[in-house]
Student: 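Before I ask anything, here is the structure I am working with.
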Protein chains: 2
Amino acid sequence: MVERRQTIQRGLVLDAVKVLYNHPTAQEVYDFIHETHPSVGKATVYRNLNLLVDEGQLRRVFAIDGPDHYDCTTHTHQHIECRICKKIVDVKLPIDLESIVNVEKETGFSNIDENIIITGICPECLKNANKNKIS
Amino acid sequence: MVERRQTIQRGLVLDAVKVLYNHPTAQEVYDFIHETHPSVGKATVYRNLNLLVDEGQLRRVFAIDGPDHYDCTTHTHQHIECRICKKIVDVKLPIDLESIVNVEKETGFSNIDENIIITGICPECLKNANKNKIS
DNA sequence: GTGCCTGCAAATGTTTTGCAAACCT
DNA sequence: AGGTTTGCAAAACATTTGCAGGCAC
């Protein structure tokens, strides 16, 4: 077991993800921290994000396109990402445990992660796309 | 509408993905082509992969970790990726159309892409992990 | 002949890593 | 004191782009 130390930087990173509730990227976390603590390096942000994910205090959201996002919610849920503006929104997919068991039987895979991301077009981007079509 | 030309390179890329049936990455496609056609550049491979995806002749598989993969299968299906060896395998998830409609209603998102990727540990990697534990 | 396509190299964007100094306990 | 953690810069990795020449049509 690795000994973990309490540092200012680690607390800043965790707080930033909590304040920036809407699935921030590492860059967004860095920018937020940089406003009040300009001396904190970007590598430290990345290292602490990885560390907090390992500890289970944060969840990594693998975006379909672009950088990873981070989520401070503890309960299992899924995400939908807009293919145009890359925004990520929470969604509850009706995936039941039974189907996971079936997948395990079918593929031989185990430890299946139920954190799923799907993609679509968000209402705002759809509106813009239609606007452009008319003009 | 953009005019598309038939080039040797484009054919090579499409064939490579078909021959390397198991969801090759851009690098693997490049390596395969490079064996018989060393003059083909990597940028050309990337450009043609993008082009073929746009045309609908190939499907891009966004891996959870690591580079994108490419799939020549035309029918809709899902993938499961091993979190250790990064291997990607086909899987049929019981996602019904009804749940997609519900997601559209709930989130306001449209054009939802049903190509989903989930992660787990493949049988081979699980075996290796257990072996290491005993020794 | 037009202009899309190619190959090369350089740039881009995201994340990791090497290292010496600083810090936590 | 000892090992973690930090900040910086450089490296690593995947992918895109600028450009001059080449090729499809």
Side-chain angles (χ1 to χ4, degrees), chain A residues 1-17 23-55 57-70 81 83 85-86 88 117, chain B residues 1-17 23-55 57-70 81 83 85-86 88 117:
Chain A
M1 211 51 68
V2 189
E3 182 196 341
R4 290 274 151 82
R5 289 182 186 171
Q6 178 75 9
T7 64
I8 307 272
Q9 291 87 340
R10 182 140 333 143
L12 286 171
V13 169
L14 185 54
D15 285 351
V17 177
H23 316 93
T25 61
Q27 179 69 51
E28 285 163 353
V29 171
Y30 171 75
D31 290 343
F32 180 80
I33 293 174
H34 197 257
E35 279 178 32
T36 52
H37 298 76
S39 65
V40 174
K42 192 178 279 190
T44 301
V45 171
Y46 273 99
R47 273 187 288 237
N48 278 311
L49 285 171
N50 286 338
L51 217 142
L52 291 163
V53 168
D54 285 350
E55 280 179 356
Q57 300 207 58
L58 291 181
R59 196 184 296 271
R60 198 191 313 276
V61 182
F62 299 96
I64 291 298
D65 196 18
D68 294 346
H69 295 239
Y70 295 87
E81 177 186 2
R83 284 197 292 274
C85 71
K86 315 304 179 198
I88 289 183
I117 184 157
Chain B
M1 211 50 70
V2 189
E3 183 198 341
R4 291 274 151 82
R5 290 183 185 169
Q6 176 74 11
T7 64
I8 306 274
Q9 290 87 342
R10 182 139 334 141
L12 286 171
V13 169
L14 185 54
D15 286 351
V17 178
H23 316 94
T25 61
Q27 179 70 52
E28 286 164 351
V29 170
Y30 171 75
D31 289 343
F32 181 80
I33 292 175
H34 197 258
E35 281 179 30
T36 51
H37 299 76
S39 67
V40 174
K42 192 178 278 190
T44 300
V45 171
Y46 274 100
R47 271 187 289 236
N48 279 310
L49 285 170
N50 286 339
L51 218 141
L52 291 162
V53 168
D54 285 349
E55 280 179 357
Q57 299 208 59
L58 291 181
R59 195 184 296 271
R60 197 191 314 276
V61 182
F62 298 96
I64 291 299
D65 196 19
D68 294 345
H69 295 238
Y70 296 88
E81 177 185 3
R83 284 196 293 274
C85 72
K86 315 305 179 196
I88 290 183
I117 185 157

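Each chain gets a letter, A, B and so on, in the order the sequences are listed, and its residues count up from 1. Scope of the values below: all heavy atoms of this structure, side chains included, with no hydrogens, waters or symmetry mates.
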Student: When you measure from the side chain of A:Glu35 to the backbone N and O of A:Phe32, does any donor-acceptor pair fall under 3.5 Å?
Tutor: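 Not confirmed, A:Glu35 side chain does not pair with A:Phe32 backbone.
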Student: For a 4.5 angstrom cut-off between non-hydrogen side-chain atoms, does A:Val13 reach A:Val40?
Tutor: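 No, too far: nothing below the 4.5 Å cut-off.
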Student: Assess whether one donor atom and one acceptor atom, taken from the side chain of B:Arg5 and the base of C:dC5, lie less than 3.5 Å apart.
Tutor: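 Under the 3.5 Å cut-off, the side chain and the base do not form any donor-acceptor pair.
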Student: Taking only the side-chain nitrogens and oxygens of A:Tyr46, find out if one of them lies under 4.0 Å from OP1 or OP2 of C:dT16.
Tutor: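 Indeed not, no polar side-chain atom of A:Tyr46 lies that close.
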Student: Check this one for me: any side-chain N or O of A:Asn50 less than 4.0 Å away from OP1 or OP2 of C:dT16?
Tutor: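 Looking at the OP1 and OP2 atoms of C:dT16, one of them is under 4.0 Å from a side-chain N or O of A:Asn50.
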Student: May I have the distance from A:Phe62 (atom CZ) to C:dT14 (atom P), rounded to whole angstrom?
Tutor: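 Those two atoms, CZ and P, are 16 Å apart.
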Student: Contact between A:Arg60 and A:Leu49 at the side-chain level, heavy atoms closer than 4.5 Å - yes or no?
Tutor: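 A:Arg60 does not reach A:Leu49 side chain to side chain.
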Student: Can you measure B:His69 atom NE2 to D:dA14 atom C1' for me and round it to whole angstrom units?
Tutor: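 Atom NE2 in B:His69 sits about 12 Å away from atom C1' in D:dA14.
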Student: Does B:Ser39 reach a base, just sugar-phosphate, or nothing at all? Heavy atoms under 4.0 Å.
Tutor: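 B:Ser39: backbone/sugar contact only, no base atoms under 4.0 Å.
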Student: Can you tell me if A:Thr7 touches the phosphate of D:dT6, counting only side-chain N or O atoms and a distance under 4.0 Å to OP1 or OP2?
Tutor: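 For D:dT6, OP1 or OP2 has a side-chain N or O of A:Thr7 closer than 4.0 Å.
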Student: Could you check how far CZ of B:Arg10 sits from P of C:dG7, rounded to whole Å?
Tutor: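 Answer to the nearest Å: 11 Å.
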Student: Between atom OH in B:Tyr30 and atom C1' in D:dT16, what is the gap in whole Å?
Tutor: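 It works out to 16 Å between those atoms.
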Student: In whole Å, I'd like the distance from the NZ atom of B:Lys42 to the P atom of D:dT15.
Tutor: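 Taking NZ of B:Lys42 and P of D:dT15, I get 9 Å after rounding.
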Student: Any idea which of D:dA14, C:dG7, C:dC5 is nearest the B:Pro67 side chain?
Tutor: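 The answer is D:dA14, which lies nearest to the side chain.
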Student: Is a side-chain donor-acceptor pair under 3.5 Å present for B:Tyr70 with B:Arg59?
Tutor: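 Per modelled atom types, B:Arg59 and B:Tyr70 side chains form no pair under 3.5 Å.
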Student: Please give, in whole Å, the distance from C:dC4 P to B:Asn48 CG?
Tutor: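 Atom CG in B:Asn48 sits about 15 Å away from atom P in C:dC4.
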Student: Return the 5'-most residue of the pair B:Ala26, B:Gln6 with respect to DNA chain D, ranking by each residue's nearest nucleotide.
Tutor: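 Mapping each residue to its closest nucleotide by heavy atoms, the 5'-most match is B:Ala26.
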Student: Is a side-chain donor or acceptor of B:Arg10 paired with a backbone partner of B:Arg5 at a separation under 3.5 angstrom?
Tutor: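 Judged by distance alone, yes, a pair lies under 3.5 Å.
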Student: Checking all strands, does A:Gln27 fall into the base, sugar-phosphate, or nothing category for heavy-atom contacts under 4.0 angstrom?
Tutor: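 Answer is nothing: A:Gln27 stays at 4.0 Å or more from every strand.
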Student: Nearest whole angstrom, please: distance from the C1' of C:dA22 to the CD1 of A:Ile8.
Tutor: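 Those two atoms, CD1 and C1', are 13 Å apart.
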Student: Given C:dC5, C:dG18, C:dT15, identify the nucleotide with an atom nearest to the side chain of A:Arg47.
Tutor: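 The closest nucleotide is C:dG18.
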Student: Roughly, in whole Å, what's the span from CG in B:Leu51 to P in D:dA24?
Tutor: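 It is 16 Å, rounded to the nearest whole Å.
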